[in-house]
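Nothing fancy with the numbering, it's 1 onward along the sequence.
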Amino acid sequence: MAVEIVMKKGARISLLVLLAAGLWLALKPTAGNRRLTFLPVHWSEYVDFMDFWFNLGAFALLAATAWLAFGTWKKVLGRACLITGFITLLNVMLELLQSSIPGRAMDLADVWAGLLGCVLGIVGSMAVQLMTEGRKSSDGIPQVLFLDQTGRLGGAELMLLDIASARAADSEVVLFQDGEFRSALENAGVKTRVLRLDDEASSVNKQAGLLHVLRSIPGIVQLILQTAQASRSFDVVYANTAKALIIGGPAARLAGRPLIFHLHDIIADGHFSPINQCALIFCANCFADRVIANSEATKDAFVARGGRAELCVVIPNGFHIPEERTNKDDLKKLRFSCLNIPSDAFIVLMAGRLAHWKGQHVLLEALKPMPSAHAVLLGDALFTDEDREYAHRLHAQADESELTGRVHFAGFQSDTLAYFDLADVVVHASVFPEPFGRVIVEGMLAGKPVIASRAGGAAEIVSHEHTGLLVDPGNVNELAEALMRLQHDSAFAARLALNAQQTARDVYALPAVQRQIENLIRKAGKYKTDPIPGTDTAPSATQAA
Ligand code: UDP
Ligand code: GLC
């Protein structure tokens, strides 16, 4: 407390000294017909000769003082404009005053010097603010600031929830949007704060065009500065999503902190617009010390678009392996009371957000010729208006006569275990390459036969006819055939399920994945502490198979 008061007093005195120095320099032209009369003549002439630079210095000092006294990181650009405007007005008034002194005239160059000085003052004082913001004390364990753009719970967020909660005491999460993700983090004991991205910037989606991106720049700059200031208190910045990289990259650089980028997306057409692809690759190449790709497919796409391969390491998602599964009574309740599914039905589970590229419509088409099959769609439209429109279309599709009463929308559930336990088969049907596909591993861990799209990370997780079945993305007939095969050949289905469960336990156990990520964090933070024992690279599903 005492230290704080002394520091506050010190800061106030420094501000007064700065203000006095700035005003003295700025007001010097009014000191008389000839400036600084107390100086020897040749010094005074020298001061006159250096007028531009003195003005620049004076207004830099004044702007810096104003910034430090009134500038906050909130509404940074607005404050900067206000301060610049105010100081320039002051400068013009001083020049006018000067022109009333006999023998002196207004000098426009001085106004320019003032303007330039003002900008330098603001930038300089921002830099001072950044440099003086201390690091958190770190007892050998790097303090990590995680960044994520969304407040909703998608797969990338569920992975971050596990990573951050395992090191809750040494982490903080910044979200650019509020939502249930914040509650989940806080419930897990992870300190979380929301730095909101303004509406223009947060509406930039994966398909955004150049104009939309340009309009979002002021909001982005403001958030970068806020994030840079927050980053100063940490050893490592960890961006978990694309927008988190765009903000966190420059912010980490400004704050002088290493950046890890966890890449959960396939950077390619269909997932991102060309301009967004360029921006992501540029930021990753420029700012990231490490890129964690969630699959080989994600890494390959990153490298194919110009991403630096040497930055990239592949670490799959990790999963808790539940010791107990759902008991029979709860399963019955879910089946009959909650979902109203007849006892002889063949239950096909598709879990994940409702979005066109996730291909729920493909599954519904494939179920049309299978009258005893019921689909349970677990999840909701999470991110965009397009997703919400798609969800409406899915409801309309489910009402078609061939499907009536056979499609059950379960909505988003935070506890999904019972749904997997209820299923006879788990389907993944993305029509674009899936970067990883957590739901596939969750189906395998539940001991269920899985069918997945033969593309992206999904094709790395599933070994065809050994741990599941792969079908071509969007191919309704092939999916229907695979479903019928599993429905009618229960021995084959059971064999696949057993192999799948074993493989998933070997390859995707959370502790091993957490160790690999922690080791990367320690290396990025340049910590002398030994890496945590454990493998540096995870075995792949194919190796395990
Ligand atoms: N999920 C959930 N509740 C739901 C539906 C899905 O918790 O109602 C989870 C699901 O279990 C999985 C994640 O959301 O862990 C989705 O991750 P995935 O990688 O499959 O796809 P993403 O949505 O991240 O692209
Ligand atoms: C993203 C991807 C998904 C992946 C998840 C976790 O949401 O779309 O495929 O499983 O991140 O890495």
Handout entry: R257 CZ to S231 OG distance, which is reported to the nearest 0.5 Å
Key = 8.0 Å
Practice task
Could you check if a side-chain atom of Q516 sits within less than 4.5 angstrom of a side-chain atom of N519, using non-hydrogen atoms only?
Solution key: no
Exercise for the section: Apply the side chain to side chain contact (heavy atoms under 4.5 Å, CB included) test between L147 and each candidate in T241, V237, N240, L245; give the one that qualifies. Expected result: V237
Practice task
For the pair F409 and H395, name the ring-plane relationship: parallel under 30°, tilted 30 to 60°, perpendicular over 60°.
Solution key: parallel
Problem - ring-ring contact (aromatic ring centres under 6.0 Å, His included) involving F146 - partner list, sequence neighbours excluded - result: Y238
Exercise for the section: Rounded to the nearest 0.5 Å, what's the gap from CD1 on I246 to CZ on F282? Could you check? Expected result: 9.5 Å
Exercise for the section: Using the test salt bridge (Lys or Arg N to Asp or Glu O under 4.0 Å), find all partners of E465 that sit at least two apart in sequence or belong to another chain. Expected result: R485
Problem - salt bridge (Lys or Arg N to Asp or Glu O under 4.0 Å) contacts in which one or both residues fall within residues 309-324, not counting sequence neighbours - result: R308-E310
Would you list the atom pairs, donor with acceptor, under 3.5 Å between side chains in residues 371-378 and any protein atom, with sequence neighbours excluded?
unit_1 : atom_1 : unit_2 : atom_2 : d
S372   : OG     : Q487   : NE2    : 2.9
H374   : ND1    : H408   : NE2    : 2.8

Handout entry: Side chain proximity check, H464 to L469, heavy atoms < 4.5 angstrom
Key = yes
Exercise for the section: For the pair Y390 and H361, name the ring-plane relationship: parallel under 30°, tilted 30 to 60°, perpendicular over 60°. Expected result: perpendicular
Problem - Over 12 non-hydrogen atoms of neighbours within 6.0 angstrom of CZ in F336 - result: yes
Exercise for the section: For the residue pair V513 and Y508, establish whether any side-chain heavy-atom pair is separated by less than 4.5 Å. Expected result: no
Practice task
Quick one: list whatever passes salt bridge (Lys or Arg N to Asp or Glu O under 4.0 Å) with R167, sequence neighbours left out.
Solution key: E518
Exercise for the section: List the steps and the verdict of side-chain hydrogen bond (donor to acceptor under 3.5 Å, both in side chains) for T404 and S401. Expected result: CA-CA 5 Å; T404 319; S401 56; 5.7 Å; no
Practice task
Tell me yes or no: between the side chains of Q397 and E365, is some donor less than 3.5 Å from an acceptor?
Solution key: yes
Handout entry: Any M159 side-chain heavy atom under 4.5 Å of H262 side chain
Key = yes
Problem - Flag side-chain contact, heavy atom, 4.5 Å: L486 against F492 - result: yes
Problem - Candidate pair R196 and D178, rule side-chain contact (heavy atoms from CB on, under 4.5 Å), full reasoning - result: CA-CA 8 Å; R196 229 171 275 278; D178 207 348; 4.1 Å; yes
Exercise for the section: Report the C-alpha distance between D387 and T384 in whole Å, list the side-chain angles of each, state the deciding distance to 0.1 Å, and finish with yes or no for side-chain hydrogen bond (donor to acceptor under 3.5 Å, both in side chains). Expected result: CA-CA 5 Å; D387 294 350; T384 63; 3.2 Å; yes
Problem - Charged N-O contact under 4.0 Å between K333 and D330 - result: no
Exercise for the section: Rounded to the nearest 0.5 Å, what's the gap from CG on L175 to CZ on R152? Could you check? Expected result: 13.0 Å
Exercise for the section: Measure the spacing between CD1 of I292 and CZ of F261 and express it to the nearest 0.5 Å. Expected result: 10.5 Å
Would you tabulate the side-chain donor-acceptor contacts of residues 435-449 under 3.5 Å, counting partners in other chains and residues two or more places apart, or write 'none'?
unit_1 : atom_1 : unit_2 : atom_2 : d
R438   : NH1    : N317   : OD1    : 2.9
K448   : NZ     : D421   : O      : 3.0
K448   : NZ     : A423   : O      : 2.9

